[in-house]
Novice: 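Here's a structure for you.
The structure displayed is predicted, hence computed values, not measured ones. Reminder, nothing fancy here: chain letters follow the sequence lines and each chain counts from 1.
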2 protein chains.
Amino acid sequence: MIEISNAELSVMQVLWQRQLLSANDVVAALCNDKDWHEKTVKTLLNRLVSKGALGFDKDGRAYLYYPLIAEQDYQLQQGRSFVERIFAGRVAPLVAGFASQNKLNADDVQQLKQLIADWEQEQHHD
Amino acid sequence: MIEISNAELSVMQVLWQRQLLSANDVVAALCNDKDWHEKTVKTLLNRLVSKGALGFDKDGRAYLYYPLIAEQDYQLQQGRSFVERIFAGRVAPLVAGFASQNKLNADDVQQLKQLIADWEQEQHHD
DNA sequence: TTAATTGTATTACAGGTGTAATCTATAAGG
DNA sequence: CCTTATAGATTACACCTGTAATACAATTAA
């Protein structure tokens with residue numbers, strides 16, 4: 001499994017949102033929030049290419065980067081391994097934590113209800 | 001915020017389960033599953049003490065270790081920061097991932113329903 | 001009382017990470 | 001053509017982490 005570090009993840013997130021960006025595009029997108037040097041971002045791009053997380057097409061001298069792994073896949077894999085490590089594999093206690101900190105909103109609850117409904121439907125139809 | 005590494009976390013988990021264990025107790029508890037050298041576990045104990053995650057009482061020449069941070073606090077903090085990083089702060093998509101991989105069981109669903117009921121109760125009583 | 005054992009403390013060392021600076025090759029400008 | 005700016009490639013460097021080995025101190029055994 002490809003391991004993506006924290007700083008690298010920020011770069012991936014830019015490219016998950018809009019693909020085929022040049023290094024400078026990525027720098028521009030990131031340096032709004034982050035206070036990173038251009039060289040830092042280029043290092044991260046390089047490392048991500050080495051790791052097989054990004055590919056690129058050449059556009060003259062510059063590269064246009066794109067993700068080689070889908071954000072959803074990454075989220076699934078990370079979610080599973082995180083919940084495994086920290087919550088012994090049970091997701092409900094994590095949600096309980098959010099609830100206890102008032103970090104659930106109506107949207108979340110709506111989505112959760114739908115998930116539960118679907119799950120029960122699935123059970124029933126077995 | 002205290003940062004606890006992966007290997008260190010395994011040590012913390014032993015001490016969250018039973019406090020006031022000697023280094024050898026921790027080694028014994030861990031070396032059932034993990035294939036770690038005794039020295040490795042002692043290094044981890046040391047690092048955790050340095051980080052302020054563990055304290056100890058002396059028992060003669062040996063130390064008896066105990067956690068200085070509660071597992072629940074750690075879980076809350078990690079849960080929030082993980083969901084923030086990977087899921088833009090929304091917990092429902094993480095649960096959706098579990099559902100999609102058939103990693104929800106009846107217990108989880110029961111707990112989630114209860115959380116939702118409590119949440120709605122809370123809303124209603126505002 | 002000296003030697004062996006056993007706890008903790010210190011040191012080791014390679015690979016990953018955050019955070020760049022420098023090198024090198026090429027395209028663009030004069 | 002020659003110089004400069006600029007793209008990616010290579011190198012840097014300190015700190016963290018996984019994974020111990022070695023050093024030191026005190027207790028126990030002989």
Novice: First locate atom CD of A:E8, then atom CD of A:Q13, and finally report the distance between them rounded to the nearest 0.5 Å.
Specialist: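 It is 12.0 Å, given to the nearest 0.5 Å.
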Novice: Can you measure A:W36 atom CH2 to C:dA21 atom C1' for me and round it to whole angstrom units?
Specialist: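 Those two atoms, CH2 and C1', are 18 Å apart.
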Novice: Closest-nucleotide mapping onto DNA chain C: is A:E38 or A:I4 further toward the 5' terminus? I mean the 5' end.
Specialist: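 First, find each residue's nearest nucleotide; the 5'-ward one identifies A:I4.
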Novice: Take atom NZ of A:K58 and atom P of C:dA27, then tell me their distance rounded to the nearest Å.
Specialist: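 Value for this atom pair: 11 Å.
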Novice: Whole-Å distance between C:dT19 P and A:L30 CG?
Specialist: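 Roughly 12 Å, once rounded to whole Å.
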Novice: Quick check: closest heavy atoms across A:L94 and A:V83, and the distance to 0.1 Å?
Specialist: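 Distance-wise, the nearest heavy atoms are CD1-CG2, 4.1 Å.
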Novice: Please check the phosphate of D:dA9 (OP1 and OP2 only) for any side-chain N or O of A:Y63 closer than 4.0 Å.
Specialist: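 So the side-chain polar atoms of A:Y63 do come within 4.0 Å of the phosphate oxygens OP1 or OP2 of D:dA9, strictly under.
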Novice: Using a heavy-atom cut-off of 4.0 Å across all strands, would you classify A:K51 as base, sugar-phosphate, or nothing?
Specialist: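 Counting heavy atoms under 4.0 Å across all strands, the contact made by A:K51 is with sugar-phosphate only.
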Novice: Going by side chain to side chain donor-acceptor pair (under 3.5 Å), name the residues that satisfy it together with B:T40, two or more places apart in sequence or in a different chain.
Specialist: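 Partners of B:T40 under the side chain to side chain donor-acceptor pair (under 3.5 Å) test: none.
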Novice: Of the options C:dA21, C:dT19, C:dT8, whose atoms approach the side-chain atoms of A:H37 most closely?
Specialist: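 So the nucleotide nearest the side chain must be C:dA21.
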Novice: Indicate the atoms forming the closest heavy-atom contact of B:L20 with B:L15, along with that distance.
Specialist: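 Of all heavy-atom pairs spanning B:L20 and B:L15, the closest is N-CD2, 4.4 Å.
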Novice: Would you list the atom pairs, donor with acceptor, under 3.5 Å between side chains in residues 99-119 of chain A and any protein atom, with sequence neighbours excluded?
Specialist:
from	atom 1	to	atom 2	distance (Å)
A:S100	OG	A:G97	O	2.8
A:Q101	OE1	B:R80	NE	3.4
A:N105	OD1	A:D107	N	3.0
A:N105	OD1	A:D108	N	2.8
A:N105	OD1	B:R90	NH2	3.2
A:D108	OD1	B:R90	NE	3.2
A:D108	OD1	B:R90	NH2	2.8
A:D108	OD2	A:N105	N	3.3
A:K113	NZ	B:E120	OE2	2.6
A:Q114	NE2	A:D118	OD1	3.0
A:W119	NE1	B:L104	O	3.2

Novice: Among B:D25, B:V41, B:L44, find the one that has a side-chain contact (heavy atoms from CB on, under 4.5 Å) with B:L30.
Specialist: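 Between B:L30 and the candidates, side-chain contact (heavy atoms from CB on, under 4.5 Å) is satisfied uniquely by B:V41.
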Novice: Tell me the interatomic distance from A:E8, atom CD, to C:dG15, atom C1', rounded to whole angstroms.
Specialist: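 Result: 13 Å.
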Novice: Among residues 16-28 of chain B, which contact DNA chain D at a heavy-atom distance under 4.0 Å?
Specialist: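 DNA chain D contact set from residues 16-28 of chain B: none.
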Novice: Consider only side-chain N and O atoms of B:T43 and B:N46, and report whether a donor and an acceptor are under 3.5 Å apart.
Specialist: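 No donor-acceptor contact under 3.5 Å links the two side chains.
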Novice: Looking at A:S10 and A:K34, what are the two nearest heavy atoms and their distance?
Specialist: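 Heavy atoms only, the tightest pair is OG-NZ, 3.2 Å.
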Novice: In whole angstroms, how far is the P atom of D:dA7 from the CZ atom of A:F56?
Specialist: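 That distance rounds to 15 Å.
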Novice: Going by modelled atom types, is there a donor-acceptor pair between the base of D:dT6 and the side chain of A:R61 at under 3.5 Å?
Specialist: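 Yes, the side chain and the base share a sub-3.5 Å donor-acceptor pair.
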Novice: Closer than 3.5 angstrom, by distance alone: can the side chain of A:K42 be matched with the main-chain N or O of A:A23 as a donor-acceptor pair?
Specialist: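 It does not hold such a pair.
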Novice: Have a look at A:W16 and tell me which of A:Q19, A:M12, A:R18 forms a side-chain contact (heavy atoms from CB on, under 4.5 Å) with it.
Specialist: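 That would be A:M12.
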Novice: Taking distance alone, no hydrogens or angles, what donor-acceptor pairs closer than 3.5 Å link side-chain atoms of residues 53-78 of chain B to residues at least two apart or in another chain?
Specialist:
from	atom 1	to	atom 2	distance (Å)
B:Q75	NE2	A:I86	O	3.0

Novice: Write down the distance between CE (A:M12) and C1' (C:dT17), rounded to a whole number of angstrom.
Specialist: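 It is 17 Å, rounded to the nearest whole Å.
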Novice: Can you give me the bend angle of the helix from C:dT1-D:dA30 to C:dG30-D:dC1? Use the axis through the first five pairs and the one through the last five, nearest 10 degrees.
Specialist: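 Comparing the axis at each end, I get an angle of 30°.
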Novice: Which residues in residues 39-50 of chain A have at least one heavy atom lying under 4.0 Å from any atom of DNA chain D?
Specialist: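 Those residues whose heavy atoms fall under 4.0 Å from DNA chain D, taken from residues 39-50 of chain A in numerical order, are A:K39, A:K42, A:N46, A:R47.
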